[in-house]
Amino acid sequence: MTTRAVVVGLGHYLPERVVPNAEFEASLDTSDEWIKLRSGIEQRHFAAEGETTSDLATHAAKKALAHAGLGPNDLDAIVLATSTADLTFPSAATMVQSAIGMTRGFAFDVQAVCAGFIYAMSTANALIVSGQAKRIMVIGAETFSRIMDWSDRGTCVLFGDGAGAVILEAQDGVGDTSDRGILAVDLNSDGQHRDILFVDGGVSTQTTGYLRMQGKEVFRHAVEKLAATATTAMQSAGITSEDVDWIVPHQANIRIIQGTAKKLGLSMDHVIVTVQDHGNTSAASIPLALSVGVERGQIKQGDVIVTEAIGGGLAWGAVVLRW
Ligand code: UT7
């Protein structure tokens, strides 16, 4: 018998304010056409003044609990992926724990920027497989609008705010690819590339800083590394592209999403795409896309899903699971 971490509920939340590309035309030398053509983004959501990452995460967490038909104390743990926590400490995860009324278990944040949700899923899977926890809420939540340099047209038009949450539960499997739940994980990072995507501030410098990115350089790494990590994870799960129902990629740029699908030999009919509506929400983008994919009726129980992401670090990885 094999213990598997199976998704039993999910939900997402987007802040009310929708910002279409055209809004940037007033303050920047940019256009709706350029943004759409180069990134696929049409709009994004921005958190209201005073609305924090843990607020967005709490909304998503409550929806996931309702979707699973569970109460807060049915959870053993919360693992929250973010690079934009409300405060230096405590973790955003403990803020969510208190906000949803969870009075037991443990909660902590994981920081791997845009790959954060993949790292958090991997961590939660390890906790479940090792028997340390039976039910874990995994959240990706971000307010990247707080770290934008609004004079940098190369970055500020690309990112958005949001949150998504999934609940993983320990279930018995037989140990082959017919099992529901997480079948394989692949994680990678290479700090040699830390200068092509970073925030130029932090606690030690006593500033918040702004996101800085050499977009072309990140792009250059993205397709190749995403296809490689997805392939490694599929191989370790014992599946091939032909077995995959959905790729649920990190939603940074439609051209990266298309390039990766092509390299994996899958048509865009097998890809969940939300980048046009959400922009790049960093660690929130995959759980948002999973939740939207379920809502749209695209993702169904039993489907084989490959999720993959890359971001600052560089850090990248993939998770293969059966829904
Ligand atoms: O989630 C973390 C991972 N991040 C990513 O995956 C992002 C990866 N990178 C990208 O998505 C793309 O590189 C961008 C969307 C950021 C940029 O697309 P690109 O096709 O690589 O454009 P570029 O940076 O080479 O810029 C082309 C031109 C430049 O002008 P010149 O030098 O050719 O005259 C830029 O200055 O476009 C200019 N440009 C803009 N023009 C209008 C850059 N930003 C804008 C803008 N509006 N917002």
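Order of listing sets the numbers, starting from 1, for every ligand and every atom in it. This one's a predicted model, so the numbers in the text were calculated from it and none came from an experiment. This chain uses plain numbering: 1 for the first residue, then up along the sequence.
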Taking the basic N atoms (NZ, or NE/NH1/NH2) and the acidic carboxylate oxygens, is any pair closer than 4.0 Å for [X] and [Y]?
X	Y	value
E51	R146	no
E33	K36	no
D76	K134	no

- Item | Under the ring-ring contact (aromatic ring centres under 6.0 Å, His included) test, residues paired with H193 that sit two or more places apart | H221
- Query: Taking only residues two or more places apart in sequence or in another chain, which ones pass ring-ring contact (aromatic ring centres under 6.0 Å, His included) with W150?
  - Reply: F46
- Partners passing salt bridge (Lys or Arg N to Asp or Glu O under 4.0 Å) against D29 (at least two apart in sequence or in another chain): R153
- Can you tell me which residues line ligand 1 if we count any heavy atom under 4.0 angstrom from one of its atoms, in chain and number order? D29, T30, W34, R38, C114, R153, G154, V157, L158, L197, M213, G215, K216, V218, F219, H250, A252, N253, R255, I256, N280, I310
